[in-house]
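A note on names: the letters A, B, ... follow the listed sequences, proteins ahead of strands, and every chain is numbered from 1.
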Amino acid sequence: MVAITLPDGSQRQFDGPVSGLDIARDIGPGLAKAALACTVDGEMWDLTRPIERDASVSLVTAKDEAGLELIRHDAAHVMAEAVQELYPGTQVTIGPAIETGFYYDFARNEPFTPDDLGKIEARMRDIVARDEAIVREVWDRDEAIAHFQEIGEQYKAEIIADLPAGEPITVYRQGAWKDLCRGPHLPSTGRLGTAFKLTKLAGAYWRGDARNAQLQRIYGTAWATDKQLKEYLHMLEEAEKRDHRRLGREMGLFHLQEEAQGAVFWHPKGWTLYRTVQTYMRRRLEDAGYVEVNTPSVVDRALWERSGHWAKFRENMFTTQTDDERVMALKPMNCPGHVQIFRQGIKSYRDLPLRMAEFGSCHRNEASGALHGLMRVRAFVQDDAHIFCTEDQIVSETKLFCDLLKSVYRDLGFESVTVKFSDRPEVRAGADETWDKAEEALKAATNAAGLDWTLNPGEGAFYGPKLEFVLRDAIGRDWQCGTLQVDFVLPDRLDAEYVGEDGAKHRPVMLHRAILGTFERFLGILIENTAGRFPLWLAPVQAVVATITGEADDYVREVAAALGRAGLKVETDLRNEKINYKVREHSHAKIPVIVVVGKREAEERTVALRRLGGSSQEVLALDDALNTLRMQALAPDLARLASESEGADQRDQVA
RNA sequence: GCCGCAGUAGCUCAGCUGGUAGAGCAACGCAUUCGUAAUGCGUGGGUCGGGGGUUCAAGUCCCUCCUGCGGCACCA
């Protein structure tokens, strides 16, 4: 007898070994049809694998996250079968399910072409139509290795040889084809359905290591239903429309060109946006007790040797040699410069924490393949700062920083932030005891700030552990923006010191920190997140005043001038065009407010406001419109100040 | 940096097996003064990414370099 407990707590008795499919049939034919796999005491099992002991079982269908993952994993297998049928001699390696689909890495001398994708996909649909049963087998380890070597599957043989000793070696057959796989799998290829599509070809290194052979990866997407697939493809199209590179061109924000690879040409509108964000950040930093500095871009190699950058960061640095043979480097980071300022004069413990900020212009020679629009550039400006403090101040400074960071992200339209904790990397400066201390201190501070974090092992900076603050963009990509790094190494290498309460000299700790990360990347994320429809305070052109007839020209100039005095960035449109044409054009340009003025408005001294995305307009007296827009165009921090002082005024009146 | 793909007008793209470049939008000009997402007519615009080669002839074929795109690797 086998007793099976179902998720609702009910129990069913079976005479002997029973499979997930048997259980599903026992419950009902609908479930038997929908079931793809089952979990046995929490572990995923194939639907047909016999359960020989009492267990808790739940059935997995395409509606479950786990079911969808099975579908994707099977799609990878069916693709591998199709590829090996069509291109004999191709070796299979690994093919997992991923976030929106699957991939499989193949070893083949001939490159796959985009045309091949269509052929492979068609063959996949044949295999699905054949509805081949998928059968699990457990093999002997040595036999498995010998077998895969014999049939020329070197990579599979290598994988088996590397599996831990106790691990069962399972092979899945579907029709005449078989693959080493941990499983589980669908009962048959027909269950995969039709909601899949091959999407792209790419190179990928064996085991993710650039020193290994390069394999050919084929990506696909797979879903439970055709409707989901269609929705996903539609989402991709929408994402493409808000790609910051496209919007940057369409909206005239910036451009890139080959003579300055990885460096941005900011156009007037883009630069206005940039300056709006920068001015905002400058205010926030000042309010948070930072001082702003500026340090040299071209600095003698000697300083980078002392700081450790020459040893650890050399390959990413641009260098230049002067006629007298001095080697200079373009700064890739601002920290050594800030230590030089700290070292001027004698610092006392009373000066700490010293929060030193710089909108530091840095250059890094990033790999050509890494460059990506504004997101990954070679010339960029960080909202960088270094907090020189005592060890005792690490926790409170970290907490203050995290609060500031969250507030800034919220103001800029980002609510959810994830945090990664990166500990010591292989290539690093500083003694292990120093790292122990730094990691411990940062962990304590993170917990004190009430942050949830995930560990990112070995990803710290060469001088210290770090926190990474990650935002997700509109296309679902994660971008690291903010960072906070604890550094006991640089103050030592560059000989920073302060006089303590005890009158003796001490090393300060440096906290390297940035909120936006770089302006370039952050603005790219901002463009994609808003799809170019910036909130009023950020829009580089906040309002266009457009005439209906030439008779209103003088009044329009007056309105525009008044809006300008109220602090808005305004343009006028006096062209002899129909108002339909103007509204359409400015709407496409994503201007937040179109101020429409005709003969009637000019006579009545009113304006008609039309908001981006809306289809109606609001007619207001000019003075009212000026007040309303002036308040709405305030940066969030200034708006908070304004509402506070308004509250104070009201309290004064009451008193 | 590696693998694959691509580069034709400001933008989006067409140009079959080689015979000396085309559309829409944009721009410019003229007419139109028209009340909330495209007024009409007309005009100009291209060393077909750079270099080299094959050929009577190259946007088209070959080589090479550059840049971009998608991944991988990298991302202090």
Show me the protein contacts with nucleotides 9-16 of chain B, counting only N or O atoms at under 3.5 Å.
| from | atom 1 | to | atom 2 | distance (Å) |
| --- | --- | --- | --- | --- |
| B:U12 | OP1 | A:Arg249 | NH2 | 3.3 |

What nucleotide among [options] has an atom nearest to a side-chain atom of [X]?
X        : options             : value
A:Leu201 : B:C69, B:G4, B:C74  : B:G4
A:Thr549 : B:A73, B:U33, B:G71 : B:U33
A:Arg217 : B:U67, B:C72, B:C5  : B:C72

If we ignore angles and hydrogens, is there a donor and acceptor under 3.5 Å between the side chains of A:Gln632 and A:Gln542?
no
A:Asp423: partners by salt bridge (Lys or Arg N to Asp or Glu O under 4.0 Å), with sequence neighbours left out
none
Excluding sequence neighbours, so at least two apart, what forms salt bridge (Lys or Arg N to Asp or Glu O under 4.0 Å) with A:Glu571?
none
Students often get this wrong, so: under 4.0 angstrom with heavy atoms, is [X] touching a base, only sugar-phosphate, or nothing?
X        : result
A:Arg364 : sugar-phosphate
A:Tyr219 : sugar-phosphate
A:Lys312 : base
A:Ala202 : base
A:Gly460 : nothing

With a 4.0 Å cutoff (strictly under), does any side-chain N or O of A:Arg245 reach OP1 or OP2 of B:G70?
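True: A:Arg245 side-chain N/O within range (under 4.0 Å) of B:G70 OP1/OP2.
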Under-3.5 Å donor-acceptor pair between A:Arg376 side chain and B:C74 base
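Looking at the base of B:C74, it does pair with a donor or acceptor on the side chain of A:Arg376 (distance under 3.5 Å).
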Is any N or O donor-acceptor pair between the side chain of A:Tyr205 and the base of B:G1 shorter than 3.5 Å?
yes
Protein-proximity profile, nucleotides 35-45 of chain B, B/S/- by nucleotide at the 4.0 Å heavy-atom cutoff, equals BBBBB------
Nearest whole Å is fine: how far is [N] [atom2] from [X] [atom1]?
X        : N     : atom1 : atom2 : answer
A:Arg211 : B:G1  : CZ    : C1'   : 14 Å
A:Ile218 : B:C3  : CD1   : C1'   : 13 Å
A:Arg378 : B:C75 : CZ    : P     : 16 Å

Pair listing, ring pair (Phe, Tyr, Trp, His ring centres under 6.0 Å) test, anchored in residues 572-597 of chain A, at least two apart:
none
May I ask you to check whether A:Phe102 and A:Tyr104 place their ring centers less than 6.0 Å from one another?
no
Cation-aromatic face contact A:Arg513/A:Phe401, 6.0 Å, 45 degrees
no
Looking at A:Trp223, I'd like to know if the NZ or CZ of A:Arg72 sits under 6.0 Å from its six-membered ring centre while staying within 45 degrees of the ring's axis.
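Checked: cation-pi criterion met.
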Stems involving RNA chain B: give each as a range paired with a range, ordered by first number, where a stem means at least three consecutive Watson-Crick or G-U wobble pairs under 3.5 Å.
B:1-7 with B:66-72, B:10-13 with B:22-25, B:27-31 with B:39-43, B:49-53 with B:61-65
